[in-house]
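Structure first, then comments.
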Amino acid sequence: MTLAETPNQENSLNPLLTLNYEPALESLGDDYYDEVAAEEFPQHILRWRNDALLSDLGLNPQAVTDEDFITAFGKFQGRKPLLALRYHGYQFGTYNPQLGDGRGFLYGQVRATNGELYDFGTKGSGRTPYSRGGDGMLTLKGGVREVLAAEALHQMGVRTSRCLSMIETGLSLWRGDEPSPTRSSVMVRMSSSHIRFGTFERFHYLQRPDLTQKLLDHVIEYYYRHLVNQTDKYALFYAELVKRVAELVAQWMAVGFCHGVLNTDNMSITGESFDYGPYAFIPTYDPYFTAAYFDYYKRYCYGYQPSICQWNLEMLQEPLKAIINIADMQVGLASFDDYYGAEYRRLMLKKLGFEQLNHPEVDELLELTIAFLKESQVGYHLFFFEMARTFSAKWRDDPACVLNNSEIAPATGTSVIFDNWCILYHKILNHFDLDEMGNIANNLSQHNPKTVLLRPVIESIWQPIVNADDWQYFRDLIHQIQTKQ
Ligand code: AMP
Ligand code: MG
C-alpha cells in the first residue's frame, strides 16, 4: 500500500463521507455559488459532536469515530465541490450587494430519516470570494455560543438549525469584541436550507427574474413539496412562508430569545431559525433589550422582532413580484399578525401551565403576566421556573397561596398587578377539576426549564475553557439543556 492510498481507503470507511449526498443546490448551476477550497488548519480538536443528529441521519453514533468527524468536518477531505453561496441582503435596513458566504460553504446535502433534505453548511472554514476584509474564520467562543443556542432553542421547541460538529483549529484570531488573540474553530451546521431571503434579493438587483423563477421552483420542490401540484403554488408558497416566519418569531418571543441580527441574509426561506452570533436570552422582560452591541438604534431589539420580520417579508416581495402577484402577497402578509398572535398566545399559555384554554380571561391573564414581568423586572425565566417549582393544588383554594413559596412574590400589598394576577390565576385554576392539577404541574415543568442560556451562564462555562482548557462545564451545560433540567 502506498502512502497516497491511505486517505482514500480511510474515506471509503468514513460513514460521514459515504452518506447519500444529493447535489440539489449544485444542480441549479453556478449562477448560485462559487466553488471554493477549505482552509488547511494547523490543528483539529473535536470539541462537539451531535450524536442525536447522527441518529436522525440514519447513522449509528457508535460507528462514527471522532477521527471520522475530523476528516470530514475539519479537514474537509473527500468531498467536492464545496460551494460558497451567493446572496445579498438588507443589513440594518440598508441594501448590501457585497455579501455571500464569506467564511463558510455548503459542504453537502443529505436526506434524513424523516425524508427531508438537510444542508451541511460550514462556518469558519476559510476565505472565499465573499470574505471582503474578513479572515474567513470563526472564534472558538463563537462556535461554542452557536452550538449552545441551537441546542437550547431546539429543546425549547423553536424550529432551528443545529450544529453537527465543532472543531478547534489552532489559529489565533483578532477580534474587536473578544479579548484577543482568541482561539479558532470550524463548525458544521445542519439546517433545512441555507437559501436566504437575500438569495432572492440578489436576483432582483441583477435583474435576473429567470434565476428567481428557477430558485423559487427549486425551493417549492424541496421545501414546500405539498404545493408542487397546486395551480396557485407561488401565492401559496408566500402565504405559508409568512405563517412559518410568524410562528418562528412567536417561538423566539415566548422563550425570551433575541436573535440579534435579523438582516435578510440571516432569514431562511424555509422559515427556520439559524445563524447565531451576538444573540441573547432576555434577563428580564424589556422590549428594548438589544443583543448586538453594534445595533446602536436597537433595530433588532427583543420587542421589535415581530415587526422586523414582517418588514423582511415585505422586502422579499420585491424580487418575488416578478413571479407572484403582488396583491396576493399583500393578502398573505396581512395574516402575519394573526398567525403571530395565535402562536404566541398558545406558547405563553403553555408556559403558564395550560393547553387549549378558551375561557374569556385568557387574554387578561397574558396581559397581566407581561405587565407584572415588565413592572417588577423579576427574571423572565425565573418567574416561569418558580411557577413550575412551587406549583401546588393549594393555589386553587386561595389566591394568597399562589406563588407564596416562591422567590419572586413581591412583599404583600406592594404590587397591585401581582395581586390581580394571583386572583386571576386562582380563578382560572378553579375552571379545572382537582384531578387536572397534575397536568398543569406537568405543563409548567415541561415548558419552563431551570437552565437558561443567560449570558452569565455562558460566561461560567467559557471561563474554565479559557483558563484551564476545561470543557467539563460546557458538556454538563449541554447535558442539562438536552435533559431539560
Ligand atoms: P453574519 O453577520 O455572521 O451573518 O455575516 C454577515 C456577512 O459577513 C456574511 O456574508 C458573512 O459570510 C460575512 N462574515 C462574517 N464574519 C466574517 C469573517 N470573519 N470573515 C469573512 N466573512 C465574514
Ligand atoms: Mg449570516
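In each ligand, atom 1 is the first atom listed, and ligand 1 is the first ligand listed. What you see is a predicted model; the values in this text were computed from it and never measured.
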Q: Determine, stepwise, if the pair Glu178 / Thr182 fulfils side-chain hydrogen bond (donor to acceptor under 3.5 Å, both in side chains).
A: CA-CA 7 Å; Glu178 282 184 41; Thr182 187; 2.8 Å; yes

Q.
Quick one: does any side-chain atom of Asp68 pair with a main-chain N or O of Val64 as donor and acceptor, under 3.5 Å?
A. no

Q: Check the side chains of Glu318 and Tyr205 for a donor-acceptor pair under 3.5 angstrom, ignoring hydrogens and angles.
A: no

Q) In Asp275, which N, O or S atom comes closest to the Mg ion (ligand 2)? A) OD2

Q) Which residue owns the protein heavy atom closest to atom 5 (O) of ligand 1, what's the atom, and how far is it? A) Asp265 OD2, 4.7 Å

(Q) Please give me the minimum heavy-atom distance between Thr290 and Lys298, naming the atom from each residue. (A) OG1-CG, 3.3 Å

Q) Which atoms of ligand 1 sit under 4.0 Å from any heavy atom of Asn266? A) 4 (O)

Q: For Tyr87, counting its heavy atoms only, list the atoms of ligand 1 lying under 4.0 Å from any of them.
A: 9 (C), 10 (O)

Q.
Considering non-hydrogen atoms of the protein only, which is the closest contact for atom 10 (O) of ligand 1, and what is the distance?
A. Gly100 O, 2.6 Å

Q) Can you check whether Tyr130's main-chain N or O pairs, donor with acceptor, with Thr128's side chain at less than 3.5 Å? A) yes

Q | Backbone or side-chain N or O of Val261 under 3.5 Å from ligand 1 N or O | A | no

Q: Provide the number and element of each atom of ligand 1 under 4.0 Å from a heavy atom of Leu99.
A: 7 (C), 10 (O)

Q. Which atoms of ligand 1 are found less than 4.0 Å from any heavy atom of Gly136?
A. 18 (C), 19 (N), 20 (N), 21 (C)

Q) Identify the closest protein heavy atom to atom 1 (P) of ligand 1: which residue and atom is it, and at what distance? A) Asp275 OD2, 4.2 Å

**Q.** Per-atom contacts, ligand 1 versus Gly134 - under 4.0 Å to a heavy atom
**A.** 20 (N), 21 (C)

Q) Which of the atoms of ligand 1 are close to Arg175, meaning less than 4.0 Å from one of its heavy atoms? A) 19 (N)

Q: Among all protein heavy atoms, pick out the one at the shortest distance from atom 21 (C) of ligand 1; state its residue, atom name and that distance to 0.1 Å.
A: Gly102 O, 3.2 Å

(Q) At less than 4.0 angstrom from any non-hydrogen atom of Arg132, what atoms of ligand 1 do you find? (A) 7 (C), 8 (O), 13 (C)

Q: Please check if atom NZ in Lys233 has more than 12 non-hydrogen atoms from other residues, nucleotides or ligands closer than 6.0 Å.
A: yes

Q: Could you tell me whether Asp135 and ligand 1 have an N or O pair separated by under 3.5 Å?
A: yes

Q: Starting from atom 23 (C) of ligand 1, locate the nearest protein heavy atom and write down its residue, its atom name and how far away it is, to 0.1 Å.
A: Arg103 CG, 4.0 Å

Q. Between His88 and Pro97, is there a donor-acceptor pair closer than 3.5 Å when you use the side chain of the first and the backbone of the second?
A. yes

